[in-house]
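Atoms considered below: every heavy atom in the structure, side chains included; atoms not considered: hydrogens, waters and symmetry mates.
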Amino acid sequence: MSVRVPFLDLAAQNAEVADEVLPVWQRQFATAGFVGGPEIDAFEREYAAYIGVAHVVALSNGTDALELAYRAAGVRPGDEVVMPANTFIATAEAASRIGAVPVFVDVDDEHLLIDPVAADAAITDRTRAVVPVHLFGQTAPVEHLAPIAARHGLAVIEDAAQAQGARSPAGRAGSLATVAATSFYPGKNLGAAGDAGALLTGDDDIADLARRLSCHGSAAKYVHDRIGMNARMDAVQAVVLRAKLRRLDVWNAARRMAAARYDALLADVDGVRIPRVRVGNEDVWHLYVVRVDDRDRVMAELAEAGIGTGIHYPTPVPFTAAYAPLGVRTGQFPVAERAASQMLSLPMFPHLTEAQQLRVVEVLRSCVRARRRTEAAA
Ligand SMILES: *Cc1c(COP(=O)(O)O)cnc(C)c1O
């Protein structure tokens with residue numbers, strides 16, 4: 001039996017919400033209600049209640065949300081922003097776009113999240129903010145970063161793009177610091193039908209400033225008190241997000257069940273290092289990332305067997321060509337660099353079936369075993 005397993009399949013979740021979304025889209029189209037309006041307002045209220053923050057500002061995408069979070073939290077041109085080397089480039093890009101300087105630090109080997117000790121050591125008198133990235137679906141150690149940030153008078157800005165619904169003992173991702181940015185890119189745990197994002201904060205002034213900046217620096221039509229941008233969420237996206245938000249907990253629970261199944265199936269597979277959850281965290285498994293040697297070959301063999309996988313991320317951000325001008329050296333981020341050559345994201349989405357997971361593990365097990373035999377023979 002040969003089951004094809006896509007890395008990600010969004011068709012099933014879209015089918016689940018189609019009956020709720022399509023009639024509202026039809027109405028929006030007929031009335032040309034595309035910018036702002038009741039769906040945006042309702043989504044902002046509902047998402048704020050779900051996460052447990054006072055304010056949600058619905059935005060165009062996660063990168064714009066990060067840029068606005070940085071600006072609204074007081075990051076200015078020339079300021080340094082401390083962030084992990086293993087993240088999606090947008091975390092850094094958003095800082096660079098406003099003339100700030102990303103300062104990369106290594107991650108911890110156990111969870112591949114920002115290392116608070118490394119973050120502390122990277123702080124200079126130009127540092128303005130530190131960014132815990134809740135990578136792969138679990139919260140980064142905000143509880144260790146917050147006291148460090150407080151000692152140095154820094155803002156803590158969460159990148160919650162991969163952790164919609166994730167919990168730490170202190171609350172949900174997005175409610176753990178001064179301000180947070182998230183992305184509703186289609187493949188995220190809560191995904192739109194295109195690009196969308198949001199800024200989350202408990203601070204009235206930050207919310208107000210971010211909202212104005214996202215709309216041409218304007219609170220009232222044609223009154224512009226500062227140079228902003230156009231970063232509003234399209235109203236059509238709020239319709240999809242409202243429908244999917246109602247199912248997010250069920251879908252995240254399905255991901256947790258799938259992760260537990262991978263954990264059990266892979267526990268006795270030598271040569272596959274399974275992901276770990278920080279004590280007290282409730283992980284929402286945006287990605288299930290294992291580590292294997294000879295990763296590229298394993299990935300190619302899985303692909304040949306009809307199994308889709310991903311790499312998050314093949315190049316730590318400071319080593320991308322975009323950040324070559326920073327002049328970082330090989331060996332500066334030993335954990336992130338080693339992980340970049342070993343990480344492999346297995347298929348993970350709420351509607352992944354047990355049969356699909358059994359197939360993934362069966363093939364992965366045989367790839368790793370074949371490699372061990374080759375090694376032994378050499
Ligand atoms: C997806 C993502 C972003 C950027 O979001 P976009 O909506 O694609 O702009 C930022 N940070 C992380 C960690 C992400 O995974």
Would you please test Val105 and Val82 for side chain to side chain contact (heavy atoms under 4.5 Å, CB included) and show each step? CA-CA 7 Å; Val105 299; Val82 173; 3.8 Å; yes
Please determine whether a side-chain nitrogen of the Lys or Arg among [X] and [Y] lies less than 4.0 Å from a carboxylate oxygen of the Asp or Glu.
X	Y	result
Glu282	Arg256	yes
Glu337	Arg329	no
Arg297	Glu301	yes
Asp9	Arg4	no
Arg211	Asp208	no
Arg365	Glu362	no

Using only heavy-atom distances, determine whether the side chains of [X] and [Y] contain a donor-acceptor pair under 3.5 Å.
X	Y	answer
His134	Glu158	yes
Arg261	Gln357	yes
His351	Glu16	yes
Asn252	Asp249	no
Gln164	Thr182	yes
Asp283	Tyr288	no

Side chains of [X] and [Y]: closer than 4.5 Å at any heavy-atom pair?
X	Y	answer
His152	Asp120	yes
Val24	Leu22	no
Asn189	Leu248	yes
Pro316	Phe104	no
Phe88	Ser183	no
Phe184	Phe43	yes
Gln356	Ile307	no

From the list Arg276, Arg338, Arg273, salt bridge (charged side-chain N to carboxylate O under 4.0 Å, His left out) with Asp109 holds only for Arg273
Once rounded to the nearest 0.5 Å, what's the spacing between atom [atom1] of [X] and atom [atom2] of [Y]?
X	Y	atom1	atom2	answer
Leu287	Leu346	CG	CG	10.0 Å
Tyr47	Leu245	OH	CG	7.5 Å
Ile51	Thr201	CD1	OG1	13.0 Å
Leu241	Lys188	CG	NZ	13.0 Å
Asp125	Ile123	CG	CD1	11.5 Å

Closer than 3.5 angstrom, by distance alone: can the side chain of [X] be matched with the main-chain N or O of [Y] as a donor-acceptor pair?
X	Y	value
Asp106	Ala118	no
Gln13	Leu10	no
Arg76	Gly99	no
Glu20	Ala243	no
Tyr323	Pro102	no
Arg255	Trp285	yes
Gln237	Ala193	yes
Arg126	Glu80	no
Glu67	Ala94	no

Classify the angle between the aromatic ring planes of Phe7 and His312 as parallel (below 30°), tilted (30 to 60°) or perpendicular (above 60°). parallel
Could you go through residues 139-150 and list every donor-acceptor pair under 3.5 Å that involves a side-chain atom there, pairing it with any protein atom two or more places apart or in another chain?
unit_1: Thr139; atom_1: OG1; unit_2: Asn281; atom_2: OD1; d: 2.8
unit_1: Thr139; atom_1: OG1; unit_2: Asn281; atom_2: ND2; d: 3.2
unit_1: Glu143; atom_1: OE1; unit_2: Arg278; atom_2: NH2; d: 3.2
unit_1: Glu143; atom_1: OE2; unit_2: Arg278; atom_2: NH2; d: 2.1

Closest approach of [X] to [Y] (non-hydrogen atoms, all atoms of both residues):
X	Y	value
Leu135	Leu113	N-CD2, 3.6 Å
Ala339	Leu112	CB-CD2, 3.7 Å
Val103	Ala122	CG1-CB, 4.0 Å
Val5	Val360	CG1-CG2, 3.9 Å
Ile157	Ala73	CD1-CB, 3.8 Å
Asn61	Asp64	OD1-N, 2.7 Å

For Thr91, give me all partners under side chain to side chain contact (heavy atoms under 4.5 Å, CB included), at least two apart in sequence or on another chain. Tyr70, Met83, Thr87, Val131, Val133, Asp159
Taking side chain to side chain contact (heavy atoms under 4.5 Å, CB included) as the definition, give me every residue that meets it alongside Ala210, ordered by chain and number, with sequence neighbours left out. Ala72, Leu199
Near-ring test Phe319/Tyr313, centroid separation under 6.0 angstrom: no
Tell me whether the count of non-hydrogen atoms from other residues, nucleotides or ligands lying under 6.0 Å of CG in Asp19 goes above 12. no
Check whether more than 12 heavy atoms from other residues, nucleotides or ligands sit under 6.0 Å from atom CZ of Phe34, and answer yes or no. yes
Could you tabulate the donor-acceptor pairs under 3.5 Å formed by side-chain atoms of residues 165-180, not counting sequence neighbours?
unit_1: Ser168; atom_1: OG; unit_2: Ala170; atom_2: N; d: 3.1
unit_1: Ser168; atom_1: OG; unit_2: Gly171; atom_2: O; d: 3.4
unit_1: Arg172; atom_1: NE; unit_2: Tyr50; atom_2: O; d: 3.0
unit_1: Arg172; atom_1: NH1; unit_2: Tyr50; atom_2: OH; d: 3.4
unit_1: Arg172; atom_1: NH1; unit_2: Gly165; atom_2: O; d: 2.8
unit_1: Ser175; atom_1: OG; unit_2: Arg172; atom_2: N; d: 3.3
unit_1: Ser175; atom_1: OG; unit_2: Arg172; atom_2: O; d: 2.7

Check step by step if side chain to side chain contact (heavy atoms under 4.5 Å, CB included) holds for Leu344 and Arg291. CA-CA 6 Å; Leu344 182 68; Arg291 280 177 272 180; over 6 Å; no
Can you run down the side chain to side chain donor-acceptor pair (under 3.5 Å) pairs that involve residues 215-236, sequence neighbours left out, and say none if there aren't any? Arg212-Asp225
Side chain to side chain contact (heavy atoms under 4.5 Å, CB included) between Ile274 and Tyr262, worked out: CA-CA 8 Å; Ile274 62 174; Tyr262 272 141; over 6 Å; no
Partner residues of Asp41 under the salt bridge (charged side-chain N to carboxylate O under 4.0 Å, His left out) criterion, sequence neighbours left out: none
